[in-house]
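Order of the sequence lines sets the chain letters (A, B, ...), proteins ahead of strands, with each chain counted from 1. What you see is a predicted model, and the numbers here were worked out from it, not measured in a lab.
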Amino acid sequence: MITVLCVEDERDVRELIVEELEEAGIRVLQAENGKEGLDKILSQRPDIVISDITMPEMDGISMLGELQINHPQFANMPVLFLTALADREKMIEGLGAGAESYLTKPIDFDVLMAKIQGLVVRIENRVTAGLEF
Amino acid sequence: MQTMTWNAMPPWALLAGRDILKAALPEQRLGETLKDILSIITALPQLDLSEMAAIYVREAGQDRQRLVHHNTADQLDLPIDLAPGARMPECIADRDDLIPYRIAISVNGDPDFGTAVFFSRSERPISTESLSALHLLTQEIGSVIQQRSGCTTSVLDMVELSTDEIYIFEPQRFTITRTNATASMRSGYSAEALAGMTPGSLKVGISELDYQAKLLPLVEGSARSVTFDAIQRRRNGTVYPVKVHVWRIRGPTSDLFAEVAIATADQRKALGLLEQVFDAIPGGIGVFDNRSRLLMANRRLYDLMNIPPEMFPPGSKFEDILRYNASRGEWGDGDPEAMVRERIQQAALGLPYSFERERKSGKVLAVRSEPLSNGGYVLSYTDITLRKRAEKELIRHRDALEKTVRQRTAEIAAQAAALEEALQQEKNINAMQRQFVAMTSHEFRTPLAIIDGAAQRIQRKKGEMEARFLTDKTQQIRSAVSRMVELMESFLSAGRMDTGKVELSLVDCSLHKLIEQAIKRQKLSAQHHRFDAEIEALPPVIRCDALAISQVLTNLLSNAVKYAPRAPDITIRGWEEDGFVFLSVKDEGVGIDADDVPKLFQPYFRARTSTGIAGTGIGLSLVKQIVTMHDGDIFVESERGKGTCFTLVLPVQGPAAQDTAEPAPEVSAA
């Protein structure tokens, strides 16, 4: 089964995402900020990460940067940003940091779920092909 | 003997004497002429004199008398020194074979002007008549001497002041031993430089030997003087024609030669021209010799120095002119003699100098002295009164202009500074605005995301919903909506504060109650935080706007919760001091960087430690404004990572100037 980590400081937003994913039969891990998210990634090795950007203690982009630099074994793990920062500069910064996607709030759950489903297929194919990452 | 008439004199002798004397005047060679006259007089058979006669005049300012001239005394082997300049000896001829006759020369009522001494052979004393004739001749000689040279000038002075060049040299090697000022001035050599040279070396066109050959008659004694034309050379290489007279004269120990170089008519014309040029010069010019005697001056010099020309003719001493000026206060107060000495010393240095002097009349003179190679100097006076006045005017004008420029520059600098400040403010406002737009968008998008997310979730359930799920989603939506309303309210309050439209509605109220209510409200959304309030020391009532102070408390408490997500303890302390209430709210959260603290109360400012924590940057600026309106203040103590403590200070009696305010402020106490 695919595991998704949801990193989001807003409790209500996190709850909505978690519900939607779980209903789709996905195992969901939760983290309240980038620091906690990083710990969960290293300890639980999720398949996909959905992360907010603006969070206390460590923001989403810093978390991704930390992974890229110090934990190259997670280079192929897709990280989706889901943020209220809708400006173009931030989007460029996020994608430049290595994000799989840059989605903005309010959340369009159809788009989010389509994206997740697509990634799930890709990951399962890869596993079938014996390409572990 | 005073009754003697001219008839008693041999008429030819008298005529000859007078003619010779008159002839001597323009030639300006008095000494030699006197010698000639004395020779003629002693040779007159009617007078029965020996070949010896001498004339003395009184020395300047002295009782002594100085020899002016004598005739061939050497042949008589007199035991007295009779070189020109010698003093009259007490015993002029203590000899048995000679009888001296001393005849006083009285001129213009001066009975002591001088003495003439004649000698006769003792075996033939002269007659009374002859003596009377001698008297007359003597007085004639006296008046000529006085006319020619001034009443006290000795022969040396006459030589010195002669306007012809005079070179006295010894007959063996023709080395010059003495010269006069005119010699120095015309030749360009100083007296010191001329001493040791030969007169021949100052000639052009004839060699030293040629010159010596011309003087052969003098050397041999076959003539008393020789005359020839020559070309005189100046130190600077220019030449001028002269008529040269060389005389054999008696020196203190042996005979000497005296060359008198007389400028020819051309030269005199040139001199005349020079005088005209001098007079045409607008400034005053005076030429002084190496003994500081005036040689030549133009009319303007007298005008500018304001001295009478008849008082200081050529020959006057510079010192006397200075003394005259000093004594009439031209140079201000002070010891005239000291001032004269100072100026004489300066002149004696032989260096060029110049200074400006304002005369008592207000006239400004530029005085300048240029040394001449012969030791003399040229003094020039220029009237610079007008120039000075113009200069002063110009300086005044320039100063005024500079002042204006300085003023304008200062004004421009001030304007530039103001502009720079305005620009910086504009930049700050722009930066703040960008920050505000980004923040607003983020802060609104988050509750919107919740509302929209909840709605989507309901939609996707397609009617198969449990009651709990629905309640859950509805709660999320309402909470998000109230969050947005709160956000909007805070923007609106800030806007109202900015436009100054808010007025306080002061009432006596219990701060305890307001604090407790605020804590209660906060507990609803912050279940994990503990609020420890010690507020018993607060006064029972204070005068304030209850709604506004409620908002202040809410903001401080919600900040404490928001910025201390991992530190649940929040401490509230209240006390009273000197008519003020103090209320501190302390958390142990993220803290604030020291350099962020001063900006903390600026609208829309968010400290670096607030990154990732929702907020608008409005709350604290609102708090500050409300507190200020209450004549209170707020202080912050904070350290990054350690927590923050805000201390509120409010007057118990409320703000001083604020009485009662009618409209209640629409500040939210959410």
Side-chain angles (χ1 to χ4, degrees), chain A residues 6-25 31-38 50-63 81-91 93-94 102-114 116-117, chain B residues 434-435 437-462 464-466 468-469 472-484 525-528 561-567 589-590 606-615 641:
Chain A
C6 177
V7 190
E8 170 65 64
D9 60 327
E10 287 283 345
R11 185 172 47 89
D12 285 353
V13 178
R14 195 171 64 237
E15 219 173 272
L16 289 166
I17 297 167
V18 171
E19 274 177 28
E20 185 71 29
L21 290 172
E22 282 176 345
E23 257 173 36
E32 276 184 40
N33 58 49
K35 209 161 159 12
E36 214 180 293
L38 195 62
I50 298 172
S51 174
D52 188 11
I53 288 179
T54 315
M55 289 179 293
E57 301 205 34
M58 184 187 277
D59 67 36
I61 291 177
S62 301
M63 181 188 78
F81 281 135
L82 184 55
T83 174
L85 298 171
D87 56 302
R88 193 167 168 271
E89 282 77 24
K90 208 72 190 173
M91 179 188 277
E93 190 187 340
Y102 192 98
L103 304 174
T104 57
K105 293 173 186 172
I107 309 156
D108 186 329
F109 278 109
D110 289 337
V111 173
L112 177 66
M113 292 318 291
I116 297 293
Q117 294 301 344
Chain B
R434 272 197 304 278
Q435 206 182 331
V437 168
M439 177 270 296
T440 315
S441 135
H442 182 263
E443 289 306 301
F444 276 98
R445 268 170 199 277
T446 303
L448 278 174
I450 296 169
I451 295 165
D452 188 50
Q456 283 183 69
R457 292 280 303 128
I458 292 167
Q459 212 173 22
R460 291 161 88 89
K461 283 282 186 189
K462 296 187 174 87
E464 306 156 18
M465 276 177 290
E466 293 165 25
R468 193 180 161 340
F469 174 81
D472 219 29
K473 293 305 123 192
T474 316
Q475 185 55 46
Q476 280 177 343
I477 289 169
R478 292 202 63 195
S479 148
V481 167
S482 73
R483 185 166 158 184
M484 283 184 75
S525 54
Q527 288 97 340
H528 305 300
V561 169
K562 195 157 73 174
Y563 296 108
R566 306 255 176 279
V590 294
R606 300 210 64 209
R608 275 164 291 165
T609 44
S610 73
T611 308
I613 300 173

Practice problem: May I ask you to say whether B/Asp452 pairs ionically with A/Lys105, meaning some side-chain N is under 4.0 Å from a carboxylate O? | Solution: no
Practice problem: Select, from A/Asp9, A/Thr54, A/Leu16, the one with the greatest count of heavy-atom pairs under 4.5 Å involving chain B. | Solution: A/Leu16
Quiz item: Taking every heavy-atom pair that is under 4.5 Å apart, which of A/Glu57, A/Arg11, A/Glu15, A/Glu23 has the most such pairs with chain B?
Solution: A/Glu23
Quiz item: Is the number of heavy atoms from other residues, nucleotides or ligands within 6.0 Å of CZ (B/Arg608) greater than 12?
Solution: yes
Practice problem: Pick one of side chain, backbone, both or neither for A/Asp52, based on which atoms fall under 4.5 Å of a heavy atom in chain B. | Solution: neither
Exercise. Pick one of side chain, backbone, both or neither for B/Lys562, based on which atoms fall under 4.5 Å of a heavy atom in chain A.
Key: neither
Quiz item: Using non-hydrogen atoms only, which part of A/Glu10 is less than 4.5 Å away from chain B: side chain, backbone, both, or neither?
Solution: side chain
Quiz item: Does A/Glu19 come within less than 4.0 Å of B/Arg460, counting only side-chain N to carboxylate O?
Solution: no
Self-check item: Residue pair A/Ala84 / B/Arg445: nearest heavy atoms and the distance that separates them
Solution: O-CD, 2.8 Å
Quiz prompt | B/Gln456 side chain to A/Ile107 backbone, donor-acceptor under 3.5 Å | solution = yes
Quiz item: Given the rule in the side chain to side chain contact (heavy atoms under 4.5 Å, CB included) test, do B/Ser479 and A/Asp12 qualify, once you have shown the distances and angles that lead to the verdict?
Solution: CA-CA 9 Å; B/Ser479 148; A/Asp12 285 353; 4.0 Å; yes
Self-check item: CZ (B/Arg566) with more than 12 external heavy atoms under 6.0 Å
Solution: yes
